[in-house]
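Here is the structure we will look at.
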Amino acid sequence: EVEPVALQPSSLTESAESAEPEQEPDLWDRIRNGLRMEARNDPRIEAEILAYTRNPDYMSRVADRAEPYLHYIVEELERRDMPLEFALLPVVESAFRPFAYSSGRAAGIWQFIPSTGRHYGLKQTWWYDGRRDVVASTQAALDYLQRLYGYFSDWELVLAAYNAGEGTVMRAIRANQGRGLPTDYWSLKLPRETQSYVPRLLAVRALVANPDRYNLTLRSIPDQPYLTVVEVGSQIDLALAAELAELSVDDLYRLNPGFNRWATDPDGPHLLVVPIETAERFEQA
């Protein structure tokens, strides 16, 4: 055994002064460690990177909106052994705005259209829209992405199909096969939006992977759980729920954007998302 060395007071002082403060684990680092898609040099990606870097505050605003949800999404992707690039997909789809609604009737951070949402179990009623429910829609989106991977076995083609539909991508692949051409994403003739869609995600990937290279500052997000789901048992007035959870009504809606009205759906789901730090007292109340 090695004998412990007694330090003189001066040594202790010097060690304390020279020691760097311990940094909290950062969620962006965790995402970087889970990036698995190929980093490419392509003019389409460079054009998207340029568009993002022209507005350097944009990613900071996105990070502010993403913070309550991002850790949950990362954990679900890891649980399914999926690339963590997909934690960045809501940046492209909705800029992490849970109330985003497109001209094509797509809603939520994952931008489900009504029919696809219903197909993946997202309830849509007068009271509640599961496409905007961050927890439910994340599960549905990852189910959909995994199903697409079962078809294509290529994550770039999965992204293209998530945007344009698997039928569109399948037809483009068959057309190239008939001409003896390559069938990777970059070789396919796809709709204009889809031609920009995959490069846009890979541009966000590049910014997150190496922000210093692009003079970008990503505000740190703690690598720790933020939210949890509480079973409330029956319909509840959301203003009352906010009071019991000691949250503002705006904060409660931010975590539960699926609810359309002043109360939860009487037929369920009887679930509310709250910050972990308030969950125990909310359940007791």
Side-chain angles (χ1 to χ4, degrees), residues 19-40 45 48-49 52-53 56-98 108-111 133-146 148-149 154-156 158-159 162 197-229 251 254-255 257 273-279:
E20 300 229 348
E22 188 175 335
Q23 289 190 327
E24 291 289 324
D26 186 81
L27 191 56
W28 296 116
D29 287 333
R30 184 170 175 179
I31 291 171
R32 288 181 194 108
N33 292 333
L35 298 176
R36 288 175 13 203
M37 294 177 67
E38 183 180 349
R40 293 179 177 272
I45 299 172
E48 297 294 339
I49 289 173
Y52 281 117
T53 53
D57 294 335
Y58 176 78
M59 288 298 289
S60 294
R61 294 196 301 273
V62 168
D64 287 341
R65 289 192 290 264
E67 183 169 7
Y69 321 125
L70 192 57
H71 187 278
Y72 170 75
I73 294 170
V74 166
E75 288 217 314
E76 287 303 301
L77 286 164
E78 289 179 340
R79 187 175 65 81
R80 296 170 182 244
D81 192 28
M82 294 173 69
L84 292 194
E85 279 88 350
F86 289 99
L88 308 174
L89 190 55
V91 178
V92 174
E93 284 289 349
S94 63
F96 270 101
R97 290 177 294 128
I109 66 170
W110 297 98
Q111 289 290 282
D133 182 317
V134 173
V135 170
S137 67
T138 295
Q139 294 298 329
L142 302 192
D143 286 346
Y144 186 20
L145 291 164
Q146 285 188 307
L148 291 172
Y149 189 75
D154 179 287
W155 289 116
E156 291 177 345
V158 165
L159 284 167
Y162 189 87
Y197 185 81
V198 177
R200 194 164 296 151
L201 179 71
L202 294 178
V204 176
R205 178 202 190 281
L207 295 175
V208 169
N210 194 355
D212 291 344
R213 177 180 175 185
Y214 303 102
N215 296 316
L216 182 71
T217 300
L218 283 176
R219 184 182 58 75
S220 176
I221 296 178
D223 184 11
Q224 57 191 33
Y226 181 87
L227 53 81
T228 190
V229 179
D251 284 343
R254 185 184 182 198
L255 293 175
V273 176
V274 296
I276 281 179
E277 62 188 21
T278 70

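Since the structure is predicted, the reported quantities are computational estimates derived from the model, not experimental observations.
The existence of a salt bridge linking Asp64 and Arg61 is excluded, since no basic side-chain nitrogen approaches an acidic carboxylate oxygen closer than 4.0 Å. Between Glu67 and Arg254 there is no salt bridge, since none of the side-chain N atoms of the basic residue sits less than 4.0 Å from a carboxylate O of the acidic one. Electrostatic pairing of Arg40 and Glu156 counts as a salt bridge here, judged by a charged N lying under 4.0 Å from a carboxylate O. In summary, Asp26 and Arg219 do not engage in a salt bridge, as defined by a charged side-chain N under 4.0 Å from a carboxylate O.
Rounding to the nearest 0.5 angstrom, the gap separating the CD1 atom in Ile221 from the CG atom in Asp29 is 11.5 Å. Separation of atoms CD (Gln146) and CZ (Arg80) is listed at 4.5 Å; rounding is to 0.5 Å. Rounding to the nearest 0.5 angstrom, the gap separating the CG atom in Leu142 from the OG atom in Ser137 is 9.0 Å. Rounding to the nearest 0.5 angstrom, the gap separating the NE2 atom in His71 from the OH atom in Tyr226 is 13.5 Å. In this structure, CD in Glu76 is found 9.5 Å from CD1 in Ile73, a value given to the nearest 0.5 Å. Taking CE of Met59 as the reference point, atom CH2 of Trp28 lies at 5.0 Å (rounded to 0.5 Å).
Here the shortest heavy-atom pairing between Leu27 and Pro222 reads CB-O, 4.0 Å. Of all heavy-atom pairs spanning Leu35 and Ala209, the tightest one is CD1-CB, 3.9 Å. Shortest non-hydrogen contact noted between Tyr58 and Ala95 is OH-CB, 3.3 Å. Pairing each heavy atom of Met37 with each of Pro83, the nearest pair is CG-CB, 4.5 Å.
With contacts defined as side-chain heavy-atom distances shorter than 4.5 Å, the pair Tyr52/Arg200 qualifies. A 4.5 Å side-chain heavy-atom check between Pro98 and Tyr69 finds at least one atom pair inside the cut-off. Looking at heavy atoms from C-beta onward, Leu207 lies in side-chain contact with Ile49 at the 4.5 angstrom threshold. Between Pro90 and Trp110, some side-chain heavy-atom pair lies under the 4.5 Å cut-off. For the pair Val274 and Leu227, the minimum side-chain heavy-atom distance is 4.5 Å or more. At a threshold of 4.5 Å between non-hydrogen side-chain atoms, the residues Leu201 and Leu159 count as touching. Using a 4.5 Å heavy-atom cutoff, the side chains of Val273 and Thr228 are not in contact. Within the 4.5 Å cutoff, side-chain heavy atoms of Val134 are placed close to those of Pro257.
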Stepwise side chain to side chain contact (heavy atoms under 4.5 Å, CB included) check, Ile109 with Glu93: CA-CA 7 Å; Ile109 66 170; Glu93 284 289 349; over 6 Å; no

Stepwise salt bridge (charged side-chain N to carboxylate O under 4.0 Å, His left out) test for Glu38 and Arg205: CA-CA 10 Å; Glu38 183 180 349; Arg205 178 202 190 281; over 6 Å; no

Verdict with reasoning, Phe96 to Leu70, per side chain to side chain contact (heavy atoms under 4.5 Å, CB included): CA-CA 9 Å; Phe96 270 101; Leu70 192 57; 3.9 Å; yes

Side chain to side chain contact (heavy atoms under 4.5 Å, CB included) between Val91 and Val208, worked out: CA-CA 11 Å; Val91 178; Val208 169; over 6 Å; no

Side chain to side chain contact (heavy atoms under 4.5 Å, CB included) between Leu84 and Val74, worked out: CA-CA 7 Å; Leu84 292 194; Val74 166; 4.1 Å; yes

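Taking the side chain to side chain donor-acceptor pair (under 3.5 Å) definition, one finds that Arg213 meets it with nothing, sequence neighbours left out. Residues satisfying the side chain to side chain donor-acceptor pair (under 3.5 Å) test with Tyr144, not counting sequence neighbours, are Glu166.
Put simply, the side chain of Glu85 gets close to the backbone of Arg36: a donor and an acceptor are under 3.5 Å apart. Using modelled atom types, no side-chain atom of Gln139 and backbone atom of Ala136 make a donor-acceptor pair closer than 3.5 Å.
Between Tyr197 and Tyr162, the ring planes lie parallel to each other; the angle is under 30°, not in the 30° to 60° tilted range.
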